[in-house]
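What follows is one structure encoded as structure tokens, with my remarks underneath.
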Amino acid sequence: MAPTLERPETVPEEAEYHDNKQQWDAGNYNAESQRNGKWRTWNLAGELIEEAEYELGHYHGLVKTFEKGNPHSVSQYRKGIRSGPFQGIVLRATYADSRIRIERGNIEGDISVGSWSFHDHKGKMIAKTDFGVLPTSDKGLLDSEAFNNRWHTAQEWSEISRNLLRDHRVAEAVCALARAAASEQRTDALDALLERTIVPLSETATLSLTDALISEPNTSLTALSHGLIRGAEPGAIFHTLAVALDQGTLSRAAMDLVNTAILLHPDRHQYHYTRALINISLGNRDAAKMDTEILEPAEPDKAQFLSRYLGALFPVYDFWPAQTKLTVADEAAPLGPQQDLAAVQEVLQKYATRLTYIRQALGKKIGERPDWLPPTLSHLLPDGPVELRVFETDAGSSGDSIMADESFDAMAWEVPTLLRFARADWSALTWLCWSTGLDSVEIPTQIEWREHLATALQYTKSFLENINQASAKKDLQITVHWEGQALSSLHPVLSQIAETQFQEMQAMFLWLTNTRHQSPWQEDLRQVNA
């Protein structure tokens, strides 16, 4: 766009004016129209505001900024990321000690590392600290002893922290000491380490840095942990790290950090919500219930979700068809040929095998045998677990060749997912027993098909159709409930659990009522319109 104002004398002829940025720029492009080499930028008044080196359109090399023509900061960049020596002038309100106007140090991957010094406007040093070294990556950080997924005493965590400090891994040392604080329920040592390490920011700068770190979804774990020693609010960072660690299957580490966050800020209800979810990940049902009760007065909606989530993941494993009243508009038409007794017995034992593997995996992951585990099903497996096959079949509902995958590596899944699988498989198992005329979970010795078997299949299909409509925010044609709650008001997480349960039921019923199907685990039998 042609300039709309007179070119200042300080701006060279080759500079172009950019109206959208209200600045003048001068430099070269490469063959792909990317900035390359040295560029300079001036403001409307013709004051130089930046000198920068580019490569392939990104900062690469020395970048200098200016204010009112005077140097403001000097940085080094590599491929668009600030890395190398840094010196910059800070606002008077940045640090708690308002004398600090200049900071000097090194940066790697846009994170402060190593020795830093802080000076007044004349260059006199006011403070110094050491931000330590960075891990090679977020994975390298998670491999640190600070985040190991084991239980230690406070003394052991303190020793781990000292070893990390010796290796200049300061942020990790802080996290290890936070776990010591959780173990002994006091933060004295943690507070002392933070006080020795941090050059305190002003209250406004602390809030700004904290918000920038925890609100950006792509913030790396390394940046989060180093925020602790750069002056971010510790409780908020520990909480955010705990959420990420729990999602990354390091739930014991997550529990320690969220407990420390609660020690620092017992009035922050969100932390109790997070701790309840972490307790679920660890299989601590009763502890999760306690957090739900703590949360209920201040956050009744979140407490209600947690209560329903707990009910969904930790159900009573009784004979579920007995609790269900089949209701459809019209009695379904009679079904065609059903599977024979031998096929029913075989599939029933496969469900029992899968549930046995789930029970065993939960016990290993939790380290105990709580009373909420799926029942022992040894009476269905007199000769032990049966083979779970993976095979290809041409007996799909569409006539195409499809896969049937009955296998189940229970140890590959985390506790909440295993509990979802247990619910779905138990539902299918009990409805399979019901279909053959039984009123309990047993191996049938004969088959007496239920009069309303077709109705049960129609009920299952109708449920899936309605939950699909509810998820798509469509108006439901009939009122459908699950666990006492209308589908239209189900939280998405609960909706997924319900859908998985009924997909398993549908697959079982479609297999049971069509001899052409070879396994309930055919990949085509869990679709909404199967």
Side-chain angles (χ1 to χ4, degrees), residues 15-16 18 21 23-42 48-67 70-91 94 102-119 128-144 164 167-172 174 197 199 201 205 208-209 212-232 237 241 244:
E16 294 182 358
H18 296 275
K21 297 180 181 179
Q23 65 186 35
W24 300 83
D25 292 307
N28 298 312
Y29 294 94
N30 61 16
E32 286 75 37
S33 299
Q34 298 168 317
R35 288 191 174 195
N36 226 44
K38 180 176 286 189
W39 277 72
R40 290 177 295 167
T41 302
W42 297 262
L48 182 66
I49 58 176
E50 184 179 89
E51 286 182 350
E53 294 176 344
Y54 282 83
E55 184 175 278
L56 302 177
H58 299 288
Y59 284 144
H60 187 78
L62 196 64
V63 176
K64 298 179 181 179
T65 63
F66 302 84
E67 282 193 1
N70 298 313
H72 183 264
S73 69
V74 180
S75 307
Q76 286 281 345
Y77 278 78
R78 289 197 297 269
K79 297 180 179 179
I81 299 174
R82 199 163 43 157
S83 297
F86 171 83
Q87 175 173 308
I89 297 173
V90 300
L91 296 174
T94 300
I102 301 169
E103 50 185 12
R104 297 173 182 154
N106 283 284
I107 293 175
E108 287 183 21
D110 215 26
I111 298 174
S112 305
V113 296
S115 297
W116 276 64
S117 58
F118 304 84
H119 310 258
K128 64 179 180 178
T129 192
D130 189 341
F131 293 125
V133 298
L134 290 179
T136 54
S137 64
D138 271 6
K139 183 182 183 305
L141 178 69
L142 294 180
D143 288 338
S144 167
L164 290 167
D167 295 336
H168 302 288
R169 294 156 67 182
V170 183
E172 296 166 51
V174 170
T197 305
V199 177
L201 299 173
S208 177
L209 174 60
L213 288 169
I214 68 176
S215 63
E216 171 53 54
N218 295 320
T219 300
S220 69
L221 296 181
T222 301
L224 276 171
S225 63
H226 272 255
L228 288 165
I229 54 178
R230 202 63 175 90
I237 299 298
L241 282 169

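Just so you know, these numbers use all the heavy atoms, side chains as well, and skip hydrogens, waters and symmetry mates.
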**Prompt:** Which residues satisfy the side-chain hydrogen bond (donor to acceptor under 3.5 Å, both in side chains) test with S112, sequence neighbours excluded?
**Reply:**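 S112 satisfies side-chain hydrogen bond (donor to acceptor under 3.5 Å, both in side chains) with R230 once adjacent residues are dropped.
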
**Request:** State which residues pass side-chain hydrogen bond (donor to acceptor under 3.5 Å, both in side chains) with D167; sequence neighbours excluded, sorted by chain then number.
**Result:**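 Partners of D167 under the side-chain hydrogen bond (donor to acceptor under 3.5 Å, both in side chains) test: none.
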
**Asked** Just wondering, more than 12 heavy atoms not from R78 lying within 6.0 Å of its CZ?
**Response**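 It does not: R78 CZ has 12 such atoms or fewer within range.
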
Pairwise distance [atom1]([X]) to [atom2]([Y]) - rounded to 0.5 angstrom:
X    : Y    : atom1 : atom2 : value
S220 : L141 : OG    : CG    : 8.5 Å
S83  : I111 : OG    : CD1   : 9.5 Å
H58  : E53  : NE2   : CD    : 15.5 Å
T65  : L48  : OG1   : CG    : 10.0 Å
S144 : L221 : OG    : CG    : 12.0 Å
I237 : T219 : CD1   : OG1   : 8.5 Å

Compare every heavy atom of [Y] with every heavy atom of [X], then report the nearest pair and how far apart it is.
X    : Y    : answer
G231 : L209 : C-CD2, 4.1 Å
F131 : I229 : CE2-O, 3.0 Å
Q76  : G84  : CB-CA, 3.9 Å
L213 : A232 : CD1-CB, 3.9 Å
S73  : F86  : CB-CE1, 4.1 Å
R40  : E51  : CG-CG, 3.8 Å

**Prompt:** Residues in salt bridge (Lys or Arg N to Asp or Glu O under 4.0 Å) with D143, at least two apart?
**Reply:**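 D143: salt bridge (Lys or Arg N to Asp or Glu O under 4.0 Å) contacts with K139.
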
**Item:** Residues forming a salt bridge (Lys or Arg N to Asp or Glu O under 4.0 Å) with D110, sequence neighbours excluded
**Value:**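 Partners of D110 under the salt bridge (Lys or Arg N to Asp or Glu O under 4.0 Å) test: R82.
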
**Message:** Which residues pass the side chain to side chain contact (heavy atoms under 4.5 Å, CB included) test with D25, not counting sequence neighbours?
**Reply:**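 Side chain to side chain contact (heavy atoms under 4.5 Å, CB included) list for D25, sorted by chain: H18, Q23, R35, W39, T41.
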
**Message:** Walk me through whether T94 and L201 qualify under side chain to side chain contact (heavy atoms under 4.5 Å, CB included).
**Reply:** CA-CA 6 Å; T94 300; L201 299 173; 4.3 Å; yes

**Request:** Please name all residues satisfying ring pair (Phe, Tyr, Trp, His ring centres under 6.0 Å) with Y59, sequence neighbours left out, ordered by chain then number.
**Result:**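 Residues passing ring pair (Phe, Tyr, Trp, His ring centres under 6.0 Å) with Y59: Y54, Y77.
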
**Prompt:** Would a distance-only check, ignoring hydrogens and angles, find a side-chain to backbone donor-acceptor pair under 3.5 Å from N36 to L56?
**Reply:**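 It does hold such a pair.
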
**Item:** Main-chain N/O of K38 paired to N28 side chain as donor or acceptor, under 3.5 Å
**Value:**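 Looks like no, no N/O pair under 3.5 Å.
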
**Item:** side chain to side chain donor-acceptor pair (under 3.5 Å), paired with Q87, selected from K64, R104, E103
**Value:**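 Only match with Q87 under side chain to side chain donor-acceptor pair (under 3.5 Å): R104.
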
**Asked** Does a donor on one side chain and an acceptor on the other come within less than 3.5 Å for T129 and T197?
**Response**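 Checked: T129/T197 side chains show no N/O donor-acceptor pair below 3.5 Å.
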
